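Computed from a predicted model, the values in this text were never measured in an experiment. Letters A, B, ... are given to chains in the order of the sequence lines, protein chains preceding strands, and every chain is numbered from 1.
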Amino acid sequence: MKLIIKNIIIDALEKAYQAKLLPSSSFTKITIEEPKIESHGDFSTNIAMTMASIQKMAPKKIAEAILSSIDDPDNIIKDTQIAGPGFINFFINTKAWYPSLAKIFREDLKFGSENIGKGKKVQIEFVSANPTGPLHVGHGRGAAVGDAVARILSFAGYNVKKEYYVNDSGRQIKTLGTSVFLRYKSILGMDDPFPDDCYQGEYIIDIAKNIYNDKKDALLKTDEKSAVFYCSKIAAKDILTGIKKDLNSFDVIFDNWFSEQSLFDSGMVEKTIKKFKEQKIIYEKDGALWFKTTDFGDEKDRVVIRGNGITTYFASDIAYHQEKFLRGYDEVIDVWGADHHGYIQRIKASIEASGTDRKKFHVILIQLVNLLRNGKQIAMSTRSGQFISLKDVIDEVGKDAARFIFLSRHYDSPLDFDLEIAKKKTNDNPVYYVQYVHARISSILRKAEESNPVDFSAFDNNISELLLNEIEEIRLIKALSFYPDTVKISALQKEPHKITFYLMNLASLFHSYYNKHKVLTDNHAIMQSRLYLITAVLKTIRNGLNLLGISAPEAM
RNA sequence: GCGCCUGUAGCUCAGCUGGAUAGAGCAACGGACUUCUAAUCCGUAGGCCGGGGGUUCGAAUCCCUCCAGGCGUACCA
């Protein structure tokens with residue numbers, strides 16, 4: 001519809017110029033927007049104002065020239081007006097909206113998808129929590145956002161792969177092994193002191209118990225180093241299994257689990273360092289190897305191999321990102337917690353150093369989550385083991401509510417997640433507000449089917465047979481017709497919350513309509529039309545919720 | 001100190017990359033269930049968009065500056 005209006009204006013501009021109503025043939029970019037206020041029409045354009053200096057005419061004169069040159073053979077425009085400083089407002093004929101409903105039926109599950117991705121290969125890496133403990137709410141936010149972005153991009157025609165980077169190498173894995181081994185020893189009656197920097201959580205003890213059940217005291221008979229190594233392997237695997245399970249119950253499924261250790265095993269880390277050495281962007285200082293990230297906009301150089309010969313986490317991360325682009329992705333997205341923002345520059349540096357355009361790499365920084373109960377903050381710390389895990393949250397409030405809350409805010413702003421609010425079934429907690437629309441419509445359709453089979457075939461051939469004239473109906477159709485645009489913007493900006501807000505708005509329009517007008521009426525023609533409309537709403541709500549990974553229940 | 005993010009109604013947040021009279025939900029107040037699900041709806045009230053400058057026809061939105069909060073600033077991850 002927007003496009004139609006735009007084309008009408010383009011034609012009018014051309015015609016006005018031919019008729020010498022406008023002195024210049026150079027026109028500025030035409031933007032069409034939907035005014036916030038209904039009395040300003042369905043669409044408006046500021047073209048007359050932006051062209052004022054080029055045409056050397058007053059905006060209102062330009063607007064008049066355009067309007068007098070408009071052709072509208074399909075009778076789409078009901079009325080126009082020139083308002084304010086020179087806006088041109090368009091009012092659309094009711095029947096002109098109907099085809100956008102037909103589109104929803106035609107495209108059904110694909111409605112809203114515009115293929116802006118054109119098959120572009122995109123990788124999105126998210127969560128990637130260290131396998132040293134269960135996922136917490138912060139990871140949950142990353143999971144919800146990453147997964148929703150992946151769903152939206154796929155829907156918009158990108159070829160998306162979801163990846164989880166497993167930090168199964170390095171110091172903290174060793175710490176994990178040590179923690180488990182100490183607990184294991186304590187089961188065997190050897191109570192060595194348990195250091196503060198070891199993982200304190202209950203789950204460590206559970207893992208130690210499992211190892212004891214399996215091996216009894218066998219580990220004491222090997223040397224301590226291999227015993228710790230064994231414990232770390234078992235523990236990491238065990239915890240990772242738990243993480244996978246939790247993500248599964250959160251409806252987050254990864255295409256690939258990428259092991260950090262594999263970068264060492266394949267020689268990728270070594271190879272990358274060697275390559276950068278040859279490029280002379282890695283140098284030695286104070287016994288360590290430094291990467292000259294300052295050459296690429298970072299504020300200081302960074303160590304890749306420490307004085308003790310051990311590589312830093314950054315070294316494997318460089319190799320990892322090299323590896324990602326070697327796999328042929330056109331775009332790589334990382335979802336990180338905001339506390340990692342200092343890391344962006346150096347990763348970008350490494351990408352640019354290898355000749356890849358840094359614009360192909362995009363970081364979504366997610367702000368912190370504060371977990372609350374009744375407005376009171378719940379203290380959280382992985383190390384101390386005093387925390388509520390993502391699983392606890394899902395168990396308590398449900399997957400749908402949790403996901404919706406995570407996605408109901410721009411990821412740029414910190415999020416207060418209140419467990420008590422998340423359980424409420426009122427407007428405090430809009431997930432049910434949106435789902436309720438789906439359930440309500442499903443219920444009406446069931447009831448309609450009882451007396452008469454619902455049959456929309458009459459509208460397939462002639463959409464103008466629809467009888468939808470109520471203002472609430474037009475508002476709904478308008479909102480529905482904006483859904484593809486919403487998806488598009490959400491995909492381009494990688495901002496899932498736009499979908500969330502769209503759905504809340506659509507839900508609000510529907511609930512208002514529902515309360516004011518009855519769908520199942522004695523007038524058969526009106527009833528069929530309204531069933532058609534609400535079915536379109538149902539499909540759109542279902543599609544939108546699906547992009548967020550939230551279910552659309554048929555009854556509540 | 002430097003860097004990133006944030007500052008919009010009492011509270012929690014939107015605001016479509018510059019548009020017209022800044023919007024929702026909650027909380028407050030007043031209404032609507034013998035009705036297709038009241039997990040809903042309708043109405044009232046509530047604002048120097050952190051402050052100050054600029055850019056232009058036009059700024060919550062862009063630029064500068066100041067103030068406040070969060071995070072980061074390791075040969076940790």
Side-chain angles (χ1 to χ4, degrees), chain A residues 31 33-37 39-40 44-46 49-50 52-53 58-59 83-87 89 130 132 167 170-173 175 260 285-290 298-300 302-314 316-317 337-345 365 367-368 375 408-416 418 421 424-437 439-448 482 485-486 488-490 492-493 495 497-498 500-502 504-505 507-508 510-521 527 530-531 534 555-556:
Chain A
T31 56
E33 50 203 31
E34 303 102 46
K36 283 179 258 187
I37 300 166
S39 62
H40 291 158
S44 79
T45 180
N46 57 2
M49 281 133 74
T50 56
S53 59
F87 290 100
N89 297 335
N130 295 329
T132 53
N167 296 118
R171 207 193 59 177
Q172 48 188 347
I173 286 297
T175 307
E260 181 188 5
K285 196 183 90 183
D286 305 331
L289 280 190
W290 297 72
D298 199 5
E299 52 191 28
K300 56 181 282 196
R302 310 289 174 177
V303 171
V304 285
I305 298 184
R306 287 175 260 180
N308 60 10
I310 296 172
T311 55
T312 59
Y313 178 84
F314 179 43
S316 26
D317 233 358
D339 51 343
H340 285 65
H341 79 261
Y343 221 72
I344 298 177
Q345 278 308 323
L365 275 187
Q367 293 294 326
L368 290 181
S408 64
R409 204 134 311 177
H410 189 107
Y411 45 71
D412 255 349
S413 63
L415 170 66
D416 288 336
D418 194 310
I421 290 176
K424 281 191 187 168
K425 295 187 170 169
T426 64
N427 253 342
D428 265 329
N429 189 18
V431 60
Y432 299 113
Y433 185 79
V434 175
Q435 288 184 320
Y436 191 38
V437 172
R440 263 187 160 169
I441 295 174
S442 302
S443 165
I444 297 173
L445 292 174
R446 276 194 299 272
K447 195 144 251 172
F482 294 151
D485 257 3
T486 307
K488 189 170 154 188
I489 290 165
S490 175
L492 287 173
Q493 300 182 185
E495 291 180 347
H497 77 279
K498 300 235 150 99
T500 315
F501 280 91
Y502 172 86
M504 289 196 281
N505 179 250
S508 165
F510 174 78
H511 286 311
S512 297
Y513 175 57
Y514 176 92
N515 271 276
K516 191 154 174 194
H517 302 286
K518 237 167 128 54
V519 174
L520 304 178
T521 63
M527 182 172 87
R530 290 183 174 176
L531 286 170
I534 65 167
M556 285 169 74

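- Under a 3.5 Å cut-off, the side chain of A:H511 and the backbone N or O of A:S508 do not form any donor-acceptor pair.
- Using a 4.0 Å heavy-atom criterion, one finds that A:L520 contacts the bases of the nucleic acid, with or without backbone contacts as well.
- One atom, OH of A:Y432, and another, P of B:rU40, lie 12 Å apart when rounded to the nearest Å.
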(Q) Is there a side chain to side chain contact (heavy atoms under 4.5 Å, CB included) between A:D418 and A:D428? Walk through the geometry before answering. (A) CA-CA 11 Å; A:D418 194 310; A:D428 265 329; over 6 Å; no
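- Phosphate contact (OP1/OP2 of B:rC16, side-chain N/O of A:Q493, threshold under 4.0 Å): absent.
- Distance A:L415 CG to B:rA14 C1': 14 Å, rounded to the nearest Å.
- With the 3.5 Å cutoff on both pairing distances, Watson-Crick and G-U pairs in RNA chain B assemble into runs of at least 3 at B:1-7 with B:67-73, B:10-13 with B:23-26, B:28-32 with B:40-44, B:50-54 with B:62-66.
- For the pair A:T45 and A:F87, the minimum side-chain heavy-atom distance is 4.5 Å or more.
- Sequence order on RNA chain B of the closest nucleotides to A:Y411 and A:N130 puts A:Y411 first from the 5' end.
- The same atom, C1', is picked in B:rG46 and in B:rG58; the two are 27 Å apart, to the nearest Å.
- Distances were taken from every side-chain heavy atom of A:K518 (C-beta onward) to each of B:rU35, B:rA39, B:rA74; the shortest belongs to B:rU35.
- Here A:K447 lies in heavy-atom contact (under 4.0 Å) with sugar-phosphate atoms only.
- Nearest heavy-atom pair, A:S408 versus A:T500, reported as atom, atom and distance to 0.1 Å: CA-CG2, 3.8 Å.
- Residues A:T132 and A:Q172 have side chains that never bring a donor and an acceptor to within less than 3.5 angstrom of each other.
- Glycosidic torsion of B:rC64 falls outside 90° of 0, placing the base in anti.
- Applying the ring pair (Phe, Tyr, Trp, His ring centres under 6.0 Å) criterion to A:Y513, with sequence neighbours excluded, gives A:H517.
- When each of A:D286 and A:D416 is assigned the nucleotide of RNA chain B bearing its nearest heavy atom, the one mapping closer to the 5' terminus is A:D416.
- One can place NZ of A:K516 at 18 Å from P of B:rA38, the figure rounded to the nearest angstrom.
- In this structure, A:R446 places its CZ atom 14 Å from P of B:rC36, rounding to the nearest Å.
- Relative to the six-membered ring of A:Y514, A:R440 meets both conditions, a distance below 6.0 Å and an angle of at most 45° to the axis.
- For the pair A:M504 CE and B:rU40 P, the computed distance is 13 Å after rounding to whole Å.
- In this view, A:H410 and A:H497 satisfy the ring pair (Phe, Tyr, Trp, His ring centres under 6.0 Å) rule, not counting sequence neighbours.
- Here the separation of B:rC13 from B:rA20, taken at their P atoms, is 25 Å to the nearest Å.
- Partners of A:E495 according to the salt bridge (charged side-chain N to carboxylate O under 4.0 Å, His left out) rule, which considers only residues two or more places apart in sequence or in another chain, are A:K498.
- Comparing B:rA77 with B:rU17, their P atoms are spaced 40 Å from each other, to the whole Å.
- Nearest nucleotide to the side chain of A:H340, out of B:rA77, B:rA74, B:rG15: B:rA77.
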Q: Begin from the C-alpha positions of A:N46 and A:T31 and carry the test side chain to side chain contact (heavy atoms under 4.5 Å, CB included) through to its verdict.
A: CA-CA 7 Å; A:N46 57 2; A:T31 56; 3.2 Å; yes
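- Counting any heavy atom pair closer than 4.0 Å across all strands shown, A:H497 reaches sugar-phosphate atoms only and no base atom.
- Nucleotides B:rU6 and B:rG50, compared at atom P, are 12 Å apart to the nearest Å.
- Remark: the separation of the P atoms in B:rU40 and B:rA27 is 11 Å, to the nearest Å.
- Spacing of P atoms, B:rA22 relative to B:rA28, comes out at 27 Å, to the nearest Å.
- To the nearest whole angstrom, the two P atoms, one in B:rC29 and one in B:rG54, are 45 Å apart.
- Annotation: side chain of A:P59 is in contact with side chain of A:M49 (closest heavy-atom distance under 4.5 Å).
- A straight line from CD1 of A:I421 to C1' of B:rC13 spans 12 Å, rounded to a whole angstrom.
- Separation of the C1' atoms belonging to B:rG25 and B:rC41 is 15 Å when rounded to the nearest angstrom.
- Between A:R530 and A:T521, the closest side-chain pair of non-hydrogen atoms falls below 4.5 Å.
- Closest contact between the side chain of A:K425 and the listed nucleotides B:rC71, B:rC16, B:rA39 involves B:rA39.
- Its glycosidic angle being more than 90° from 0, B:rU8 falls on the anti side.
- Note on A:K424: nothing from the nucleic acid sits closer than 4.0 angstrom, heavy atoms only.
- Within 4.0 Å of A:A439, counting heavy atoms only, lies at least one base atom of the nucleic acid.
- Backbone-only contact: A:Y433 has heavy atoms under 4.0 Å from sugar-phosphate atoms and none from a base.
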Would you list the protein and nucleotides 18-28 of chain B atom pairs, both N or O, that sit under 3.5 Å from each other?
residue: B:rG19; atom: N7; partner: A:N46; partner atom: ND2; Å: 2.8
residue: B:rG19; atom: O6; partner: A:N46; partner atom: ND2; Å: 3.4
residue: B:rA20; atom: OP2; partner: A:K36; partner atom: NZ; Å: 3.4
residue: B:rA20; atom: N6; partner: A:S44; partner atom: OG; Å: 3.0
residue: B:rA20; atom: N6; partner: A:N89; partner atom: OD1; Å: 2.7
residue: B:rA20; atom: N1; partner: A:N89; partner atom: OD1; Å: 3.2
residue: B:rA20; atom: N1; partner: A:N89; partner atom: ND2; Å: 3.1
residue: B:rG25; atom: O2'; partner: A:N427; partner atom: O; Å: 2.8
residue: B:rC26; atom: O2'; partner: A:D428; partner atom: OD1; Å: 3.3

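- Ring geometry for A:H340 against A:Y343 counts as perpendicular: the plane angle is over 60°, on a 0 to 90° scale with 30° as the lower cut.
- If you check every strand for non-hydrogen atoms under 4.0 Å, A:Y343 touches a base.
- The nearest whole Å value for the distance from the CZ atom in A:R530 to the P atom in B:rC36 is 15 Å.
- Using a 4.0 Å heavy-atom cutoff across all strands shown, A:A288 reaches at least one base atom of the nucleic acid.
- Of the side-chain N and O atoms in A:R440, none sit less than 4.0 angstrom from OP1 or OP2 of B:rA39.
- Rounded to whole Å, the distance from OH on A:Y502 to P on B:rC13 is 25 Å.
- Contact check, A:R409 against B:rC13: a side-chain N or O comes under 4.0 Å of OP1 or OP2.
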Q | Sequence-aligned protein contact record of nucleotides 1-9 of chain B, with B where the base is within under 4.0 Å of a protein heavy atom and S where only the sugar-phosphate is | A | --BBSS---
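- Between A:L365 and A:I344 the shortest side-chain heavy-atom distance falls below 4.5 Å.
- For the pair A:I444/A:L531, a side-chain contact is recorded, criterion being any heavy-atom separation below 4.5 Å from C-beta on.
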